[in-house]
Amino acid sequence: MEIFHRYGLWGGMRIAHVMFAVMWMGLLWFFNFVQTPAYAEMEPSARNNAFDKLTWRALWWFRYAAMFTVAVVCSFS
């Protein structure tokens, strides 16, 4: 745990901010460049099944990654 000892809480929050921001942006790219074109090619029944199983989980992670990214920035501004 040298990184927390050397940089303190500020360094830990900076690492958390980067980690959550990468997760948030990665999911944004997934929605825009992977999921949307794939759903356009699927049949309606397959699309509904994928939406129920995949999209809601991805949106949950997207929502909380965005929330934690903003919360970490606001807590140290």
Side-chain angles (χ1 to χ4, degrees):
M1 300 312 270
E2 179 182 317
I3 193 159
F4 292 110
H5 186 61
R6 194 167 64 183
Y7 293 115
L9 183 60
W10 184 83
M13 294 301 274
R14 185 174 182 183
I15 291 169
H17 167 74
V18 169
M19 184 181 72
F20 289 127
V22 167
M23 186 186 315
W24 181 22
M25 294 306 298
L27 283 164
L28 185 64
W29 278 66
F30 168 75
F31 285 129
N32 288 329
F33 298 115
V34 176
Q35 181 178 326
T36 303
Y39 276 14
E41 297 174 2
M42 288 182 181
E43 296 178 12
S45 61
R47 186 177 14 213
N48 288 339
N49 193 17
F51 192 80
D52 289 340
K53 292 184 180 179
L54 177 70
T55 303
W56 291 117
R57 288 181 187 175
L59 283 170
W60 186 89
W61 284 102
F62 180 76
R63 178 183 310 123
Y64 286 105
M67 182 182 72
F68 286 128
T69 301
V70 172
V72 170
V73 169
C74 291
S75 68
F76 277 90
S77 294

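Counting non-hydrogen atoms of other residues, nucleotides and ligands closer than 6.0 Å to CZ of Arg47 gives a total above 12.
With rounding to the nearest 0.5 Å, the separation of CG in Asn49 from CD in Glu43 is 12.0 Å.
Trp24 and Phe31 end up in the same hydrophobic cluster when Ile, Leu, Val, Met, Phe, Trp and Tyr side chains are linked at under 4.5 Å. A continuous path of hydrophobic side-chain contacts links Phe30 to Met42 [ILVMFWY only; heavy atoms under 4.5 Å].
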List the atom pairs, donor and acceptor, that lie under 3.5 Å between side-chain atoms in residues 64-73 and the rest of the protein, sequence neighbours left out.
residue	atom	partner	partner atom	Å
Thr69	OG1	Phe20	O	3.4
Thr69	OG1	Ala21	N	3.3
Thr69	OG1	Ala65	O	2.7

Show the atom names and distances, to 0.1 Å, of all donor-acceptor pairs under 3.5 Å that link a side chain in residues 53-62 to residues at least two apart or in another chain.
residue	atom	partner	partner atom	Å
Thr55	OG1	Gln35	NE2	3.0
Thr55	OG1	Tyr39	OH	2.5

